[in-house]
Amino acid sequence: MSLDGSYDEGNVFALILAGKIPSTKLYEDEHTLAFLDIQPQSKGHALVISKWSKARNILDIEPEALAQVMTTVQKVARALREALSPDGLHVAQFNGALAGQTVFHLHVHIVPRWEGQPIGFARHGQDGFADPAELAALADQVRACL
Ligand code: 5GP
């Protein structure tokens, strides 16, 4: 999908927001939701989305929704730091399939980074899924710091 196009109401994050598929939630408020990535790039890889914006990417999101998302990104980043003591935090956001975007509901990645581990984004296929029990335990640990 290119940078242009219409919002797909059936995208996986819309289904999470509608409660049609589960997610391991870290934090939510009136406007935003943060949850763990099912194919994490590192331990604690989190995603933040707007609950109400139908934006696919940075070009079409309402400034108000973007500000709400980034405020939650900072809140969750601080909790990840406290919970997991990473050496760095990679905040990333992809726009368009050619830039690596696979889910077309704007989302921001927060990826804890540790010395000695690769810092790129691996392209997962049908591999790299986290153990749901491990994600649940990790979410408890992070939520305790929020
Ligand atoms: P993108 O490449 O679009 O920036 O990132 C999409 C992210 O969503 C990927 O890191 C992918 O692992 C994650 N993802 C895809 N489907 C699901 C899902 O059903 N649940 C969760 N928690 N994450 C998902």
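Each ligand, and each atom within it, is numbered from 1 in the order the structure gives. Atom set for the values below is all heavy atoms of this structure, side chains included, hydrogens, waters and symmetry mates excluded.
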J.: Is the backbone N or O of Thr32 less than 3.5 Å from a side-chain atom of Gln68, with the two atoms forming a donor-acceptor pair by type?
T.: no
J.: Relative to ligand 1, is Val12 under 4.0 angstrom through side chain, backbone, both or neither, heavy atoms considered?
T.: side chain
J.: Looking only at side chains, do Asn95 and Gln93 share a donor and an acceptor under 3.5 Å apart?
T.: yes
J.: Charged N to carboxylate O below 4.0 Å: is that the case for Glu9 and Lys54?
T.: yes
J.: If the cut-off is 4.0 Å to any non-hydrogen atom of Gly100, which atoms of ligand 1 fall inside it?
T.: 1 (P), 2 (O)
J.: Any chance the side chains of Ser53 and Glu62 put a donor and an acceptor closer than 3.5 Å?
T.: yes
J.: Please identify each residue that fulfils side chain to side chain contact (heavy atoms under 4.5 Å, CB included) with Ala77, with sequence neighbours left out.
T.: Leu89, Ile110
J.: Answer with yes or no whether His107 contacts ligand 1, where contact means a heavy atom under 4.0 Å from a ligand atom.
T.: yes
J.: So is Ser23 in contact with ligand 1, going by heavy-atom distances below 4.0 Å?
T.: no
J.: Going by distance only, is there an N or O of Val103 that falls short of 3.5 Å from an N or O of ligand 1?
T.: yes
J.: Please list the nearest protein heavy atom to atom 24 (C) of ligand 1 with its residue and the distance rounded to 0.1 Å.
T.: Ile38 CG1, 3.4 Å
J.: Consider only side-chain N and O atoms of Glu30 and Trp52, and report whether a donor and an acceptor are under 3.5 Å apart.
T.: no
J.: Does only the side chain of Phe121 get under 4.0 Å from ligand 1, or the backbone, or both, or neither? Count heavy atoms.
T.: neither
J.: Please identify each residue that fulfils side chain to side chain contact (heavy atoms under 4.5 Å, CB included) with Gln117, with sequence neighbours left out.
T.: Trp114
J.: Taking a cutoff of less than 4.0 Å between a non-hydrogen atom of the residue and any ligand atom, is Arg123 in contact with ligand 1?
T.: yes
J.: With a 4.0 Å heavy-atom cut-off (strictly under), which part of Leu36 contacts ligand 1: side chain, backbone, both or neither?
T.: backbone
J.: So which heavy atom in the protein is nearest atom 8 (O) of ligand 1, and how far is it from that ligand atom?
T.: Phe13 CZ, 3.4 Å
J.: What about Asp37: any of its N or O atoms under 3.5 Å from an N or O on ligand 1?
T.: yes
J.: What are the atoms of ligand 1, with element, lying closer than 4.0 Å to any heavy atom of His109?
T.: 1 (P), 4 (O), 5 (O), 7 (C), 10 (O)
J.: Just heavy atoms, cut-off under 4.0 Å: does Phe129 contact ligand 1 by side chain, backbone, both, or neither?
T.: neither
J.: For the side chain of Arg56 and the backbone of Gly5, is there at least one donor-acceptor N/O pair under 3.5 Å apart?
T.: yes
J.: Compute the centroid of each ring, for Phe104 and then for Phe13, and state whether the two points are separated by less than 6.0 Å.
T.: no
J.: Consider only side-chain N and O atoms of His109 and His45, and report whether a donor and an acceptor are under 3.5 Å apart.
T.: yes
J.: At the 4.0 Å heavy-atom cut-off, does Thr24 count as touching ligand 1?
T.: no
J.: For atom 3 (O) of ligand 1, what's the nearest protein heavy-atom neighbour? Residue, atom name and distance, please.
T.: Thr102 N, 2.6 Å
J.: Does ligand 1 have an atom that lies less than 4.0 angstrom from a heavy atom of Phe104?
T.: no
J.: Any N/O of Gln101 closer than 3.5 Å to an N/O of ligand 1?
T.: no
J.: Considering the heavy atoms of Gln39, write down every atom of ligand 1 situated less than 4.0 Å from one of them.
T.: 12 (O)
J.: Give a yes or no on whether the ring-centroid distance for His90 and Phe121 is below 6.0 angstrom.
T.: yes
